[in-house]
Amino acid sequence: MKTLLLLIPFTMMGISNLNAQCTPVDCSAELPPYGGTCDSMLMGGDVNVPYDDFESFVMNNDCFDAGVFDPGLAGTDIKINLVHDITFASLPAGITGVTNQPSYATSAGVNTLGCASFTGTPTEIGVFNGTIDLLVDVTVCGFIPIDLTDQNAQYVMWLTVNPDPTFTGLGSTYCSTDAAVNLNITGTTGGTFSGPGVTGSTFDPAAAGAGMHTIKYLVSAMEGAAIAAASDSMEVVVVVSDPQTYYVDADNDGYGAGVAITDCNFTTTGYSLVDTDCDDGDGAINPGALEILGNAIDENCDGSLIGTDADNDGFDSSLDCDDNDDTVYPGATELCDGKDNDCNSLVDDGLTFTDYFTDADNDGFGTGTASSLCADPGVGFALVDTDCDDTDASINPGATEIPGNSIDEDCDGVDGALGIEEGSLSTLNAYPNPTENVLFISGLEGLTNSISVMNSNGQVITSHSNIDSPIYEMNVENLESGIYFVRINQNNNSKVIRFVKK
């Protein structure tokens with residue numbers, strides 16, 4: 001009989017555990033009937049930083065085809081009886097592994113759970129494919145079971161230990177005139193620095209220039225039994241500013257005078273970037289102050305001891321953008337008057353404007369080009385431009401059509417065609433007319449077969465059926481402005497009513 005050399009893929013479940021003794025996790029629901037492993041990766045760690053993790057596995061005593069481990073043994077059923085003599089290899093220096101039991105026996109129909117703890121402080125960097133080496137006792141299933149002992153098995157796991165990318169020597173702010181500084185590696189050596197103003201391991205604010213800059217240290221290493229390098233980086237953001245001139249601001253009113261100093265990021269109280277204060281001993285006197293009339297004091301430093309306020313609105317002429325109008329001054333309420341009331345260089349800003357059309361016959365319907373106004377102009381203007389004769393108030397889209405008089409009273413383009421009310425349904429009515437969003441149909445009795453909306457060409461736009469309410473609310477919000485007709489069909493009778501959509 002062929003000797004069974006098993007590579008059992010104990011995939012581990014990487015779950016952080018602060019205890020030295022691990023507690024197995026049952027992942028059998030995710031595994032084949034004969035068991036197996038739950039994952040293949042340990043959580044990553046950092047060099048010289050304490051590490052603690054564990055991995056779990058599941059076994060049972062059910063028979064399974066050995067071909068899942070060794071294709072040459074396909075067709076041979078085996079079952080695991082005992083796992084023992086467990087050792088660990090190819091781990092990074094400083095990390096040790098230990099299982100929660102020295103050996104694991106299996107029982108038929110019962111899941112056997114195990115786990116391995118990995119603890120310590122890694123001192124080597126890289127990607128490691130550590131191994132768990134073990135001996136397995138198995139039984140060849142069959143009419144006459146055959147026991148095989150001390151079969152070699154191995155589990156390969158992955159553990160990444162990252163380098164330490166820390167460094168010192170950088171502050172958070174610099175002046176572009178400051179001297180270059182050294183960047184000192186405090187973690188893993190052998191990496192590279194990058195970023196504006198960086199040369200080798202120095203940072204020069206002048207070379208970086210004014211602005212916000214990111215300085216990065218990237219290091220990659222592969223040590224000991226590692227099979228690949230691991231990398232990590234550290235970034236520090238620095239702000240470089242150009243020097244500015246500051247002036248003493250003795251009264252702390254935001255305006256300086258006198259002695260100047262040049263510095264970067266200067267935030268000490270008692271200094272200002274401007275030197276326009278005419279009295280640095282009085283916080284109420286500066287170029288931003290309000291001039292008080294008639295007190296012989298130049299509060300706003302404009303060179304005039306007595307201000308003028310011709311419109312008596314409380315604002316000196318140096319601040320008022322129209323000193324002859326008391327509705328115009330800084331901070332005033334903006335009015336619909338064609339003026340810059342609040343002195344912000346904008347006329348009638350922030351107000352709502354509406355389009356109005358000329359309504360010469362004052363029938364509520366206008367014509368011509370719209371005028372966008374922020375106030376209602378009153379008589380002689382309308383919100384719609386649908387009048388077909390703006391010289392006759394009896395002719396407009398809301399008028400009643402008189403059939404046969406050769407006059408188009410309701411502006412529908414015909415004399416009494418679709419503009420008349422047809423049928424014997426005299427109680428039916430449509431309102432409001434004109435309407436903007438909703439048209440109500442009232443006077444409905446019994447079952448109304450249908451209501452249709454038509455345009456001025458008689459084309460049906462929308463229809464509604466099986467209406468049993470005496471008043472029907474119809475949404476016309478999506479219709480464009482113009483003339484429409486609603487036809488009501490009820491008990492084999494019909495009626496057409498014209499309406500105007502604003």
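Everything numeric here is computed off the predicted structure, so don't read it as measured data.
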Item to check | Test log, rule side chain to side chain donor-acceptor pair (under 3.5 Å), inputs Ser176 and Asp242 | outcome: CA-CA 5 Å; Ser176 58; Asp242 287 327; 2.8 Å; yes
Item to check | Partners passing side chain to side chain contact (heavy atoms under 4.5 Å, CB included) against Thr276 (at least two apart in sequence or in another chain) | outcome: Tyr255, Val274, Pro287
Next on the checklist: Thr149: which residues meet the side chain to side chain contact (heavy atoms under 4.5 Å, CB included) condition with it, sequence neighbours left out?
Outcome noted: Asp137
Which residue pairs pass the disulfide bond (SG atoms under 2.5 Å apart) test when at least one of the two sits in [range], sequence neighbours left out?
range            : value
residues 105-165 : Cys22-Cys115, Cys63-Cys141
residues 215-246 : none
residues 184-222 : none

Under 4.5 Å between any side-chain heavy atoms of [X] and [Y], yes or no?
X      : Y      : result
Cys343 : Val328 : yes
Phe485 : Val453 : no
Val47  : Pro122 : no
Asn81  : Lys79  : yes

Over all heavy atoms of both residues, which pair between [X] and [Y] is shortest? Give the atoms and the distance, please.
X      : Y      : result
Ala93  : Glu124 : N-OE1, 3.0 Å
Thr186 : Thr166 : OG1-OG1, 2.9 Å
Leu91  : Phe128 : C-CD2, 4.2 Å
Leu134 : Ile86  : CB-CG1, 4.1 Å
Leu218 : Ser231 : CD1-CB, 4.5 Å

Contacts of [X] that satisfy side chain to side chain donor-acceptor pair (under 3.5 Å) - sequence neighbours left out:
X      : value
Asn478 : none
Asp348 : none
Asn129 : none
Asp337 : Asn341

Checklist outcome for this item: Applied to residues 214-235, the ring pair (Phe, Tyr, Trp, His ring centres under 6.0 Å) test, sequence neighbours excluded, yields Phe193-Tyr217
Next on the checklist: side-chain contact (heavy atoms from CB on, under 4.5 Å) for Tyr484 and Ile461? Distances and angles first, verdict last.
Outcome noted: CA-CA 10 Å; Tyr484 295 87; Ile461 299 173; 3.4 Å; yes
Checklist entry - Which of these, Asp249, Asp253, Asn300, sits in a side-chain hydrogen bond (donor to acceptor under 3.5 Å, both in side chains) with Asn286? => result Asp253
Checklist entry - To the nearest 0.5 Å, what is the distance between CG (Leu383) and NZ (Lys502)? => result 6.5 Å
Next on the checklist: Could you measure the distance from the CD1 atom of Ile185 to the CE atom of Met234? Nearest 0.5 Å is fine.
Outcome noted: 11.5 Å
Checklist entry - Between Thr106 and Asn61, is a side chain to side chain donor-acceptor pair (under 3.5 Å) present by the stated rule, with each step listed? => result CA-CA 5 Å; Thr106 63; Asn61 195 238; 3.1 Å; yes
Next on the checklist: Does Phe203 form a side-chain contact (heavy atoms from CB on, under 4.5 Å) with Val238? I'd like the steps, not just the answer.
Outcome noted: CA-CA 10 Å; Phe203 170 71; Val238 297; 3.8 Å; yes
Checklist entry - What orientation do Phe57 and Tyr104 show, parallel under 30°, tilted 30 to 60°, or perpendicular over 60°? => result perpendicular
Item to check | Residues that Tyr356 engages under ring pair (Phe, Tyr, Trp, His ring centres under 6.0 Å), provided they are two or more places apart | outcome: none
Checklist outcome for this item: The residue among Leu439, Val486, Thr462 that forms side-chain contact (heavy atoms from CB on, under 4.5 Å) with Ile451 is Val486
Checklist entry - What residues, two or more places apart in sequence or in another chain, satisfy salt bridge (Lys or Arg N to Asp or Glu O under 4.0 Å) together with Lys339? => result Asp325
